[in-house]
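Here is the structure we will look at, set down as structure tokens.
Below, each value reflects all heavy atoms present in this structure, side chains not excepted, and no hydrogens, waters or symmetry copies. In this text, all values refer to a predicted model and were calculated from it rather than measured experimentally. Protein chains get the first letters and strands the later ones, always in sequence-line order, with residue 1 at the start of each.
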Protein chains: 2
Amino acid sequence: MAMGRPREFDADAALDQAMEVFWRHGYEGATIAQLTEAMGINPPSLYAAFGNKEGLLKAALDRYTAKRADWMEGVLSAPTARDVAERMLMGTADSQTDPDNPPGCLLVQGGLACGTGSENVPFELAARRALTEDQLRERFVRAKKEGDLKQTADPAALARYLSAVSAGMGVMASSGADREALRQVANVSVKVFEEQSTT
Amino acid sequence: MAMGRPREFDADAALDQAMEVFWRHGYEGATIAQLTEAMGINPPSLYAAFGNKEGLLKAALDRYTAKRADWMEGVLSAPTARDVAERMLMGTADSQTDPDNPPGCLLVQGGLACGTGSENVPFELAARRALTEDQLRERFVRAKKEGDLKQTADPAALARYLSAVSAGMGVMASSGADREALRQVANVSVKVFEEQSTT
DNA sequence: CCATATCTGTAGCGAGCACTACAGATATGG
DNA sequence: CCATATCTGTAGTGCTCGCTACAGATATGG
């Protein structure tokens, strides 16, 4: 079998650029013209590699979560539930105001409501946000077993709470809140965990 | 001077319908065709009354905030900062899962990131979210003077915190979180105010 | 009743959208 | 070196978008 002409662009580097465009303009606000220009390729290459606009988004989301996996592991490996919450929210405050990225979080900025024909884009983003919440919940179940969370604590509720605060910080970051403002929110939010801790 | 033919539709009723469409599909996801059909009018009537799509959004936002003004007054009139927070978050949980409305909050769902040409839509929404935060901050300044908040409490930080949690709940509601889940988040969030209270 | 002013519905405008047909280029398998 | 398979760039496709020209309808002021 013949192999055909090889691809001339680096898919991961192109995805990084696509990620940025989706992050800044949202799924519907990002146009194929903007995406191809940022990626340095032409439309046929995009469609050959990723199928369509939604396929490109999914690939970009995969890369987004893969890139954050290391950081998330660091968060979950904190010694106590309280420290998990602090690392999570402080890290979120910093990354959402990192000048190297668009403000906020791609999983929120990407699109909460979409027009007819893109209904499952919000769904896709929500599913990925839920993954983080699941990890947090399981970590808090463990914290309860290990005793650093009170026996009356509700791991699912605490994980949901952290998920909500992160998303809310993303909304604020997207509308210009600076790092100090987000850290303030993080600091206030963490207090909940001190009240739920045994130490 | 001649007066011209009078308008045949009720502008407020039409705005209620437009609000719904923007709420469910976001600013960019909502099309003029969907809007005019929901409003029961034709494009020329829409443009004569509201100027353009963005003007219609602003009018719908005005109506949205006006409709919530009463509720907000009830929130702010709670006796203590802690009760303000509870009414705010519980009311938010209920309204964001009210089956009579699309899920979430129009000021979040409307659009966090937009395409070229609609850049100030997110700005417009953010400005209106900031108004609520301002009201909360001033209410907490008063609570501090009145002594039901500790003297070490930071009214601005607490207001920002409530604003972030509300926005986060909106994100969760938009992705299908039910009323019970949001109330859980509200309950956890309120604990911060118990720790900051003197009673 | 007439002149004027505004609203309404039909029909369609140019622009920009996501997406693709096609031809030339570049690799592999035989 | 040839046949095949895939990628690349050019140049579009049809469609839907926000928006509007126009003509008919309906009110007021004189």
key: Pairing of B:Asp94 and B:Arg183 as salt bridge, 4.0 angstrom limit   =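 Result for this pair is yes, salt bridge flagged.
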Carboxylate-amine/guanidinium proximity below 4.0 Å for B:Glu133 and B:Arg137 =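 Looking at B:Arg137 together with B:Glu133, the answer is no, because their closest N to O distance does not fall below 4.0 Å.
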Taking atom [atom2] of [N] as reference, at what distance in whole Å does atom [atom1] of [X] sit?
{"X": "B:Ile32", "N": "C:dG14", "atom1": "CD1", "atom2": "P", "result": "19 Å"}
{"X": "B:Leu35", "N": "D:dT16", "atom1": "CG", "atom2": "P", "result": "17 Å"}
{"X": "A:Ile41", "N": "C:dA25", "atom1": "CD1", "atom2": "P", "result": "21 Å"}
{"X": "B:Met3", "N": "C:dT6", "atom1": "CE", "atom2": "P", "result": "10 Å"}

Can [X] and [Y] be counted as having a side-chain donor-acceptor contact under 3.5 angstrom?
{"X": "B:Glu54", "Y": "B:Asn120", "result": "yes"}
{"X": "A:Asp154", "Y": "A:Gln196", "result": "no"}
{"X": "A:Asp83", "Y": "A:Thr80", "result": "yes"}
{"X": "B:Arg129", "Y": "B:Ser163", "result": "no"}

task = Please examine the side chains of B:Gln135 and B:Glu73, heavy atoms only from C-beta on, and report whether any two atoms are closer than 4.5 Å.
result =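 Answer no - side chains too far apart.
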key: Non-hydrogen side-chain atoms of A:Trp71 and A:Thr92 separated by less than 4.5 Å   =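 Of all side-chain heavy-atom pairs linking A:Thr92 with A:Trp71, at least one is under 4.5 Å.
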task = With B:Leu89 as reference, evaluate B:Val185, B:Val84, B:Leu162 under the side-chain contact (heavy atoms from CB on, under 4.5 Å) test and give the passing residue.
result =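 The side-chain contact (heavy atoms from CB on, under 4.5 Å) with B:Leu89 is passed solely by B:Leu162 among B:Val185, B:Val84, B:Leu162.
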request  = Return the residues of residues 42-52 of chain A meeting this criterion: a heavy atom under 4.0 Å from some atom of DNA chain C. Order them by number, or give none.
outcome  =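 Going residue by residue through residues 42-52 of chain A, the ones with a heavy atom under 4.0 Å of DNA chain C turn out to be A:Pro43, A:Pro44, A:Tyr47, A:Asn52.
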Sorted by number, the residues of residues 6-28 of chain A with heavy-atom contact under 4.0 Å to DNA chain C =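 Listed by number, they are A:Pro6.
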request  = Any chance you could encode DNA chain C as dot-bracket? Rule is Watson-Crick or G-U wobble with both distances under 3.5 Å; [ ] for pairs crossing earlier ones, | for another strand.
outcome  = ||||||||||||||||||||||||||||||
query = Do other residues, nucleotides or ligands put more than 12 heavy atoms under 6.0 Å from A:Lys150 NZ?
reply =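 Yes, because the 6.0 Å sphere around NZ of A:Lys150 holds more than 12 heavy atoms from other groups.
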ask   = Want to settle it: does B:Ala30 or B:Arg5 sit nearer the 5' end of DNA chain D, counting the closest nucleotide to each?
value =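 Final value for this comparison: B:Ala30.
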Lys NZ or Arg CZ of B:Arg24 over B:Phe22 ring: under 6.0 Å, within 45° =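 Output no; distance or angle outside limits.
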